[in-house]
Protein chains: 2
Amino acid sequence: MARKSGSSSEKTRPLVRSAALSLFARYGFAAVSMRQIAAEVGVQAGALYRYTPDKQSLLFELMQVHMEELLAAWGEVDPKGAPLDRLDSFVRFHIHHHMDRAEAVFISYMELRNLTPANFAVIEGLRAQYEQVLEEILNACGAAAGDRKLTTLAVLAMLTGVNTWYREGGRLDRDAIADSYVGMVRGLISAAA
Amino acid sequence: MARKSGSSSEKTRPLVRSAALSLFARYGFAAVSMRQIAAEVGVQAGALYRYTPDKQSLLFELMQVHMEELLAAWGEVDPKGAPLDRLDSFVRFHIHHHMDRAEAVFISYMELRNLTPANFAVIEGLRAQYEQVLEEILNACGAAAGDRKLTTLAVLAMLTGVNTWYREGGRLDRDAIADSYVGMVRGLISAAA
DNA sequence: GTCTATAGACAGATAGAC
DNA sequence: GTCTATCTGTCTATAGAC
């Protein structure tokens with residue numbers, strides 16, 4: 001069963017994925033052509049169809065892998081202890097994980113409308129699962145008598161918003177940013193109306 | 001100076017703007033063709049060029065008008081009183097104003113990368129002005145000894161995030177949502193680290 | 001597995017008739 | 001002010017050589 005280890009296929013496939021990732025993030029799915037992706041990989045456009053049935057599948061797989069990795073990564077980090085500790089851990093996890101995957105995060109928020117309805121439903125389901133993770137933590141925290149769903153969405157928007165301005169080497173380092181957000185989230189949930 | 005009041009130009013121009021607004025919001029700038037816009041307006045594609053020099057200008061003007069209206073609208077609503085009252089007013093203003101202009105808000109966040117560099121600079125300047133409005137309010141509030149810029153961005157991301165899920169006729173009405181956010185923002189800034 | 005070549009559709013923008 | 005017609009270029013995806 002040994003596969004030929006030097007086979008070009010195993011080298012090209014990840015190049016296609018990463019070229020699509022960075023080009024879609026920079027210019028948008030609709031504005032990027034298969035020829036641009038091919039040029040970034042270093043092949044001709046026709047060769048891409050060895051690795052994806054079409055452009056849509058390329059987008060969908062990037063988003064699906066991103067969302068599944070996100071859920072799996074939290075599963076490994078979740079301290080499963082006291083609710084307020086879990087909340088702090090979630091905030092730090094979300095910020096660091098998203099900082100490390102800026103392109104995939106950007107695509108997953110910006111390109112939802114370019115998914116076919118069937119593909120959209122899959123991604124939306126994964127997104128709902130992730131929201132559910134935070135909602136359950138907030139329930140366990142017994143946050144003030146506010147609307148839990150609203151609080152969940154407010155916190156997630158606030159945390160994900162970091163990606164719109166964070167750049168490596170900026171004024172604040174990653175840990176200092178995460179610390180600040182831990183504090184803000186604590187204040188927010190203690191007042192959630 | 002009387003202009004011919006029934007002139008078709010004065011009817012078509014706003015139709016072009018609103019057709020572009022809703023189509024760009026739904027499918028994205030790059031995915032919408034001039035022919036689609038023309039069909040929505042009820043003219044042929046060539047006629048659009050009476051109202052815009054090109055597709056790029058159509059996008060830019062929508063975003064520019066949106067940002068200038070946003071700044072002007074706050075200028076009219078700003079109570080200019082006690083800092084904490086101004087903060088509450090800002091939160092309510094932002095949420096209601098954004099709820100009423102979902103398409104323009106969506107475009108202004110999603111299509112930044114489709115602006116030419118010169119146009120992008122203009123929109124970014126307007127956006128920075130709006131951030132400055134909130135930052136000054138937070139300074140006046142003397143929010144806890146945290147990083148003010150960080151707090152500003154966190155609050156804005158949280159407030160604008162409402163647009164990703166709010167739909168008219170949903171479970172919570174507009175005022176109830178705004179009330180909740182006023183409470184969450186108050187908690188957040190009292191803890192901002 | 002990658003190439004060249006191409007099909008068939010559609011893009012933005014312009015010219016000139018009415 | 002809108003039309004029809006068209007220029008010129010691009011797109012996704014496929015076929016078949018190597």
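Everything numeric here is computed off the predicted structure, so don't read it as measured data. Quick note on labels: first sequence line is chain A, next is B, and so on, each numbered from 1.
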Interatomic distance where [atom1] belongs to [X] and [atom2] belongs to [N] [whole Å]:
{"X": "B/Tyr49", "N": "D/dC7", "atom1": "OH", "atom2": "C1'", "answer": "13 Å"}
{"X": "B/Asp54", "N": "C/dA13", "atom1": "CG", "atom2": "P", "answer": "5 Å"}
{"X": "A/Tyr27", "N": "D/dC11", "atom1": "OH", "atom2": "C1'", "answer": "18 Å"}
{"X": "B/Arg13", "N": "D/dT2", "atom1": "CZ", "atom2": "P", "answer": "10 Å"}
{"X": "A/Leu48", "N": "C/dT2", "atom1": "CG", "atom2": "P", "answer": "9 Å"}
{"X": "B/Met34", "N": "D/dA5", "atom1": "CE", "atom2": "P", "answer": "20 Å"}
{"X": "B/Arg35", "N": "C/dT14", "atom1": "CZ", "atom2": "C1'", "answer": "12 Å"}
{"X": "B/Lys55", "N": "C/dT14", "atom1": "NZ", "atom2": "P", "answer": "15 Å"}

Would you mind telling me which of A/Glu61, A/Gln56, A/Glu124, A/Gln64 makes a side-chain hydrogen bond (donor to acceptor under 3.5 Å, both in side chains) with A/Asn119?
A/Gln56

Centre of A/Phe93's six-membered ring, under 6.0 Å away, within 45 degrees of the axis: is that where NZ or CZ of A/Arg86 sits?
no

Using the side-chain heavy atoms of A/Arg50, tell me which of these nucleotides is nearest: C/dG1, D/dA13, D/dC3.
C/dG1

Quick one: is [X] getting a side-chain N or O under 4.0 Å of the [N] phosphate, OP1 or OP2?
{"X": "A/Thr12", "N": "C/dT2", "value": "yes"}
{"X": "A/Tyr51", "N": "C/dT2", "value": "yes"}
{"X": "B/Ser33", "N": "C/dA11", "value": "yes"}

Do A/Tyr130 and A/Phe90 have ring centres separated by under 6.0 Å?
yes

Within a strict 4.5 Å, meaning less than it, do heavy atoms of the A/Arg17 and A/Tyr51 side chains meet?
no

What does A/Val41 touch in the nucleic acid at a heavy-atom separation under 4.0 angstrom: a base, only the sugar-phosphate, or nothing?
nothing

Given side chain to side chain contact (heavy atoms under 4.5 Å, CB included), test A/Arg92 with A/Asp175 step by step and report yes or no.
CA-CA 8 Å; A/Arg92 290 184 207 282; A/Asp175 290 327; over 6 Å; no

Specify the residue among A/Pro53 and A/Gln36 whose closest nucleotide of DNA chain D lies further upstream toward the 5′ end.
A/Gln36

